[in-house]
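Atoms considered below: every heavy atom in the structure, side chains included; atoms not considered: hydrogens, waters and symmetry mates.
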Amino acid sequence: MHYATHVVSPLMAMVNGMAEYVSCFGSGTINDECARRSGSKFAVESCHIKIKESDVAAHIWRFLWDTARQYRESVDVYGSKKSFEWQLITGENPVLHTAKRPESEIAERVEVPDYAHRLPEPIRKFTRGVADEDHLSFIQGGGHGGSHPHLVNEFVSALIEDRDPFPNVEQSATGPPWAFAPISRRSTVGDRKSARLLGALRRDPKASFV
């Protein structure tokens, strides 16, 4: 699961947690050209992440190459009172499920609020658009839900206020993919054993995965 940048970090942020270990599976086979470019032969890559000191686990799956599916970067979150599911089709609204309602009223389409008011005025407009909407990073990334100016604001604010940003260095080392991706890929293409993260990262960058 190479370069899962916009997938792993939000999951760690939502639970304010650290990834302890991962277990991954690959499914199906893509064409040779796509496999050469991506470095993976699988059509579907599926990964489970154990959150350290928590009963919560995260599930990531990706269809990136040679698979009939509309491009979508999304997240679903499930809880006892409410659950959120990203829209399946671009242009639709996501679904919010509320417990203790009549069955026909549990699910409803909702519009996600724009939190631009939390940002400095000069960058508020970037939650709804970018300077160059024809740029490949915007076309393929779908704008990432207006997150870009929030990330920039957090990074710059941390520097000005002389504090750790969120996520901080340690969270960034075990959540996002520059550490996570090679380990999850090892688990995907290997013998299906879980790949433990924390010991390998903190004690020995060259440690073997078991």
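- With hydrogens and angles disregarded, a donor-acceptor distance shorter than 3.5 Å links the side chain of S54 to the backbone of V56.
- The pair R118-E154 does not meet the salt-bridge criterion, since no charged nitrogen lies less than 4.0 angstrom from a carboxylate oxygen.
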Task: Worked verdict on K41 versus T29 for side chain to side chain donor-acceptor pair (under 3.5 Å) - done: CA-CA 5 Å; K41 66 179 182 179; T29 304; 5.9 Å; no

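- Between W61 and H59, the angle of the ring planes lies from 30° to 60°, which puts this pair in the tilted group.
- Distance check, rounded to the nearest 0.5 Å: CE of M18 to CE of M12 gives 9.5 Å.
- Atoms CG and OG1, from L88 and T90 in turn, are 10.0 Å apart once rounded to the nearest 0.5 Å.
- Dense packing is recorded around CZ of R163, with more than 12 heavy atoms of other residues, nucleotides or ligands lying under 6.0 Å away.
- Counting only distance, with no hydrogens or angles, the side chain of D76 and the backbone of W86 share a donor-acceptor pair below 3.5 Å.
- Salt bridge annotation for E121-R124: absent, with no cationic side-chain nitrogen under 4.0 angstrom from a carboxylate oxygen.
- To the nearest 0.5 angstrom, S74 atom OG is 9.0 Å from F84 atom CZ.
- The minimum heavy-atom distance linking G17 with I51 is given by the pair CA-CG2, 4.1 Å.
- Checked by atom type and distance alone, the side chain of R109 pairs as donor or acceptor with a backbone atom of N93 at under 3.5 Å.
- Side chain of E92 to backbone of Q87: no donor-acceptor contact under 3.5 angstrom is found.
- In this structure, the separation between OG on S157 and CG on L159 is 8.5 Å, given to the nearest 0.5 Å.
- In this structure a side-chain-to-backbone donor-acceptor pair under 3.5 Å is present from D66 to N31.
- To the nearest 0.5 Å, atom OG of residue S83 and atom CD1 of residue I106 are 10.0 Å apart.
- Here E108 pairs with R101 in a salt bridge; the nearest charged N to carboxylate O distance falls below 4.0 Å.
- Shown here for S38 and W65, the closest heavy-atom pair between the two residues is CB-NE1, 3.1 Å.
- Taking a 6.0 Å sphere around CD of E111, one finds it holds 12 or fewer heavy atoms contributed by other residues, nucleotides or ligands.
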